[in-house]
Number of protein chains: 2
Amino acid sequence: MTARRAAAARATINDVAAVAGVSRGTVSRVLNAEAYVSEAARSAVMDAISKVGYVRNSAARNLATRQSHAVGLVVHEPHSLFLEDPNIGSILLGINSALSDADYQLVSLVIDSERDSHRVAEYLSGGFVDGVIIVSARAHDPIAKVVAELGIAAAFVGHPVDVEGIPYVGIDNFSAAKAITTRLKETGRRRIGMIAAGLDRDSGQDRMAGFRAALGDAFDPELVVTTPLYAHTSGIDGMRLLLDRAPDVDGVFAASDAMAAGVLDVLREVGRSVPGDVGVVGFDDSAWATRAQPPLSTVHQPAGQLGRRAAESVLAQLRGETVDTAGTFLETAIVWRDSA
Amino acid sequence: MTARRAAAARATINDVAAVAGVSRGTVSRVLNAEAYVSEAARSAVMDAISKVGYVRNSAARNLATRQSHAVGLVVHEPHSLFLEDPNIGSILLGINSALSDADYQLVSLVIDSERDSHRVAEYLSGGFVDGVIIVSARAHDPIAKVVAELGIAAAFVGHPVDVEGIPYVGIDNFSAAKAITTRLKETGRRRIGMIAAGLDRDSGQDRMAGFRAALGDAFDPELVVTTPLYAHTSGIDGMRLLLDRAPDVDGVFAASDAMAAGVLDVLREVGRSVPGDVGVVGFDDSAWATRAQPPLSTVHQPAGQLGRRAAESVLAQLRGETVDTAGTFLETAIVWRDSA
DNA sequence: GTTTATTCTGGGAGCGTTCCCAGAAGTGCC
DNA sequence: GGCACTTCTGGGAACGCTCCCAGAATAAAC
């Protein structure tokens, strides 16, 4: 099998113009939906387009407009969370959906961390993309810094930890944590504990604050176990500690599904039934939730919307609009399964 | 925050030529590593490039060469497995790595299934990409058909079910299944059963054949339970059936990690310890494997390599080379954890 | 009917490359 | 020194679009 050029000779705007009996300029105006085109000319051009099978040559357009009509999805390997984030697929689809609605392309910018940030800057200022979306950046992400300096149209999905001036889209962790804790409380639990994590970020703090707000007077600091990571093992260690402190605990809110899965493991180990003896809820609605036994009640993140909104922010910046550099917080939903 | 053009005035090839004291043509030759450039000219151009901070304008290049220098990753939503495949992130990274080595861009082609295949064909022949990579296509995938008809440079990652003439990259299911079964046998198991699935595909058949080959004379058809799907519930049902048939089973090879997780659930239910009473192995090294209790011994797929090889095949086609339209099979590795 | 504003159209110029041809410079051989 | 190669260089033309200006056609106002 050898390579073959897809189409021997593709129709150009000139072919369309000739068939429609108008000029190149008029075809271009129709293509770009500009004003001042007569209805007769417009329909003649439309007919001609489908007749000759015209498809716009984006390279020529990009060259003439000096824009790439592309938005990059920055994946900064291996330091990014790209491979770990369970919602990444949906986020990507959401981004793409918004972009293609606006006739923009999504290009993947996988940046190898071996190279320095100078290379990254060159890459971004190289005109390959008009804007950039950064998913789950970590603290001190060099790309975030470069983007901020260059003033490139950009948006984050997820919390940027130490970057100012770039809009981001996230979820309302406080309300979500409060809502699911309330729901857990309503199942009749009296002694509800929490396995908290990531308190060095506002997302982690907000989840804990939401938990506290939901319990009100019933809140007992003794029942909150803090761990540094959102990991499965943190959930195991955290739950053991919690059981030590409060053997009568009958409800647990884990700040991530991975930790909740760890909680489940410990409860099984010590012979407590879920949700019979103890009700457990998680956070994320990741793969952990459905694969756990029993499946976890958890907080669902609107991953697709997260991506879409970030893309729309970049698009707005590209149109020259002023966008809010503060965060946009999306509503979450509670998914009630069998663990509580 | 308003949009800002990244660079006020980017350096062009003419600026480089002026600084280097040579002509446009010579700069172009240096840029494209062509023959017939004197060493003096080459180094003068190189110096000038870094001096003026030149970055090639890909739109102009694409226009002049009539190639996009981009390869598309087709994601055919919602029918594709894009969101489900646990290895998708690594595959994507592997593809990108090979592509960027060859100075190609990866662009995401998310195709909405609401539109017809005519639109897909237009998309692919529209010159947006020079080639295309299709991940985990399902049977009767319309894109696969269009690609085959158009003769576009393409490659599959994963088994195409009903498409001929397009190269694909997969793993050697037979050897992998044989190897892990042998390994299981070597732990001293005497009665090893299998939960097979997907026998309507060669991947499923190969896994079963590998299992059989590993056992040799010890193979007992009675100990093979067949299910249609690779799902978790299939694993549960399959294991119950296997225990009915052979209560003395002391080893199980499940054709997927999801099924192996189901096997684990059943064994726990009936009070058999793993790996004490029964050794269990899976296939895929997906998230199920690490999240199972105990973590599964399984077959690891070289996801990054799968992507890289597919990309390299497309690149070879683009260079006009003849590539083998049969499948390329990559070696797998056994990951030995705690379940056997 | 004339003037003025508005709507519409054609086509030249330019975007930054690559391609290719013509010719200059260098090398080797008789 | 003359001739035939080979190596190297410059620059015109083209790629297919958008931008923009000048002017034609039409509509509105006097």
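In what follows, chains carry the letters A, B, and so on, assigned in the order in which the sequence lines appear, proteins first and then strands, with residues in each chain numbered from 1. The figures here come from the full heavy-atom set of this structure, side chains too, leaving out hydrogens, waters and symmetry mates.
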With sequence neighbours excluded, give me every salt bridge (charged side-chain N to carboxylate O under 4.0 Å, His left out) pair touching residues 42-58 of chain B. B/Glu39-B/Arg42, B/Arg56-B/Asp103

Separation of A/Arg10 CZ from A/Thr12 OG1 (nearest 0.5 Å): 10.0 Å

Between protein and nucleotides 10-16 of chain C, map the contacts as a letter string: B base, S sugar-phosphate only, - none, heavy atoms under 4.0 Å, written 5' to 3'. BBBBBBB

C/dT17 P sits how many Å from B/Asp103 CG, rounded?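 My rounded result for the distance is 13 Å.
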
Once you round it to whole Å, what is the distance between C1' of D/dC19 and CG of A/Asn32?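 Distance check: A/Asn32 CG to D/dC19 C1' gives 11 Å.
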
Where the side chain of B/Ser108 meets the backbone of B/Val110, is there a donor-acceptor pair that is under 3.5 Å apart?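 Side chain of B/Ser108 to backbone of B/Val110: no pair is present.
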
Within the sub-3.5 Å range, which N or O atoms of nucleotides 4-8 of chain D have a protein N or O partner, and how far apart are they?
{"residue": "D/dT7", "atom": "OP2", "partner": "B/Tyr36", "partner atom": "OH", "Å": "2.9"}

If every non-hydrogen atom of A/Gly72 is compared with every non-hydrogen atom of A/Leu109, which pair is closest and at what distance?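 It is CA-CD2, 4.0 Å.
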
So, for B/Ala154 and B/Ile166, which heavy atoms are closest and what is the spacing to 0.1 Å? O-CG2, 3.8 Å

Please check the phosphate of D/dC17 (OP1 and OP2 only) for any side-chain N or O of A/Asn62 closer than 4.0 Å.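 It does not, given that no N or O in the side chain of A/Asn62 lies less than 4.0 Å from OP1 or OP2 of D/dC17.
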
Would you indicate whether A/Arg309, at its atom CZ, is surrounded by more than 12 heavy atoms from other residues, nucleotides or ligands within a distance under 6.0 Å? no

Pair A/His69-A/Asn62, side chain to side chain contact (heavy atoms under 4.5 Å, CB included): steps then yes or no: CA-CA 7 Å; A/His69 283 262; A/Asn62 294 349; 3.8 Å; yes

Pairing of A/Arg66 and A/Asp130 as salt bridge, 4.0 angstrom limit: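 Salt bridge: no.
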
